[in-house]
Amino acid sequence: MKIEGKTVLVTGANRGIGQALVTEALSRGAARVYAGTRQPLAHPDARVTPLNLDVTDAAQIRAAAESIESLDILVNNAGIALYDDLSERAALEQHLAVNLFGTYGVTQAFLPLLTGSQGVIVNNVSTMALAPFPFTPAYAISKAAAFNLTQSLRALLAGRGVRVHAALTGPTDTDMTRGFDIPKASPESVARAIFDGVENDEEDIFPDPMSASIADSWRNGAVKAMERENAAFVTAAPTAA
Ligand SMILES: NC(=O)c1ccc[n+]([C@@H]2O[C@H](COP(=O)([O-])OP(=O)(O)OC[C@H]3O[C@@H](n4cnc5c(N)ncnc54)[C@H](OP(=O)(O)O)[C@@H]3O)[C@@H](O)[C@H]2O)c1
């Protein structure tokens, strides 16, 4: 899937990696970029259409989907990450509401358009889907769930011609990681690598040096092989997914 000429929707598009994804899609020649944000957004490029889109708000999701005629690429990027220690159920619910159910709700709403275009879904998850960082366990749980959702959608939607990618993003220099004194990739380089991954048809995209260091072992590992074996059951016996 080339980005040039395509219609792209990015959630959480006003800052951080989402903002960089909008810029990168434009620089690759996207025909239209829908920028989903919680506050009004002004963008100098006429190809950008702001969309009022809190991913936890079912009415806003529905209205956004109804306002768009066609879509090739959905990037579920909106996310939250807060410190917690698993002592409060509310913290877990808050992360699941945005990072799991937000991704789920937006995906379901735009699925008819993506099926029509034989499109692409990219879920910006995290290396923490594979290995939690114990200062943000609720976040890690939500990203693990979102990654598992991504894997199931990948299998379920393959028969409808929709490709589903996970970006297993590592530390990136945004508001989300302010306060962590660790090496971080720039959001611009991560956005480039995510769209490179889509254009190169990489199922699981490792868009920064830290995540890239585990890419080969993941892609050639027993767990990935099991994902493919399990997915083959759906391909063999398609259900009403
Ligand atoms: N930074 C990293 O190291 C890193 C690593 C792995 C994965 N990721 C993932 O990358 C994605 C982007 O993160 P980032 O680093 O760019 O973080 P960020 O700078 O904190 O940006 C988060 C974005 O998500 C939006 N958002 C939050 N809750 C939302 C909601 N309910 N509805 C719609 N939008 C919402 C924010 O909008 P507001 O401005 O309105 O709050 C903002 O645009 C996230 O899914 C994150 O988990 C980041």
Side-chain angles (χ1 to χ4, degrees), residues 9-24 33-43 50-64 74-83 91 93-107 109-110 121-133 135-147 149-150 165-195 197 204-212 214:
L9 166 57
V10 180
T11 65
N14 54 305
R15 58 192 172 97
I17 298 170
Q19 184 179 39
L21 285 163
V22 170
T23 305
E24 185 61 27
V33 180
Y34 292 100
T37 63
R38 292 196 287 185
Q39 308 93 22
L41 178 87
H43 197 284
L51 272 186
N52 203 15
L53 188 52
D54 182 328
V55 302
T56 65
D57 186 324
Q60 281 188 15
I61 294 174
R62 203 166 40 247
L74 167 64
V75 188
N76 285 303
N77 167 77
I80 57 164
L82 305 167
Y83 291 104
E93 289 178 345
Q94 194 181 358
H95 284 86
L96 290 172
V98 180
N99 299 345
L100 175 65
F101 290 111
T103 297
Y104 171 79
V106 172
T107 300
F110 287 93
I121 298 167
V122 185
N123 292 337
N124 191 4
V125 291
S126 166
T127 50
M128 282 191 223
L130 304 175
F133 183 58
F135 291 111
T136 54
Y139 171 74
I141 289 167
S142 70
K143 289 294 184 177
F147 181 43
L149 169 74
T150 307
H165 303 264
L168 287 144
T169 308
T172 308
D173 194 6
T174 67
D175 295 339
M176 192 173 275
T177 55
R178 193 179 294 153
F180 288 116
D181 190 15
I182 49 172
K184 300 170 201 168
S186 70
E188 293 77 18
S189 66
V190 166
R192 269 197 306 278
I194 288 175
F195 282 133
D204 298 318
I205 301 167
F206 296 83
D208 59 280
M210 195 280 250
S211 66
I214 61 166

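Note that ligands are numbered from 1 as they come in the structure, with each ligand's atoms numbered from 1 the same way. As the structure is a computational prediction, the values presented were derived from the model and not from experiment.
The shortest distance between side-chain heavy atoms of Leu53 and Ile61 falls below 4.5 Å. Residues His95 and Leu82 are in side-chain contact: their nearest non-hydrogen atoms beyond the backbone lie under 4.5 Å apart.
Among Asn52, Ile80, Asn77, Asp175, the residue whose heavy atom lies nearest to atom 12 (C) of ligand 1 is Asn77.
Heavy atoms of Ala81 stay at 4.0 angstrom or farther from ligand 1. Heavy atoms of Ala97 come nearer than 4.0 angstrom to ligand 1 in no pair at all.
Contacts of Gln19 with ligand 1, taken as heavy-atom pairs under 4.0 Å, are absent altogether. In Asp173, neither the side chain nor the backbone holds a heavy atom less than 4.0 Å from any atom of ligand 1.
With sequence neighbours excluded, the residues forming a ring pair (Phe, Tyr, Trp, His ring centres under 6.0 Å) with Phe180 are Tyr83, Phe133, listed by chain and number. Qualifying ring pair (Phe, Tyr, Trp, His ring centres under 6.0 Å) partners for Tyr104, counting only residues two or more places apart in sequence or in other chains: none.
Ligand 1 has no nitrogen or oxygen under 3.5 angstrom from a nitrogen or oxygen of Thr169. Taking only nitrogen or oxygen atoms, main chain and side chain alike, Gly79 reaches within less than 3.5 Å of ligand 1.
In the displayed structure, Phe101 atom CZ is contacted under 6.0 Å by at most 12 heavy atoms of other residues, nucleotides or ligands.
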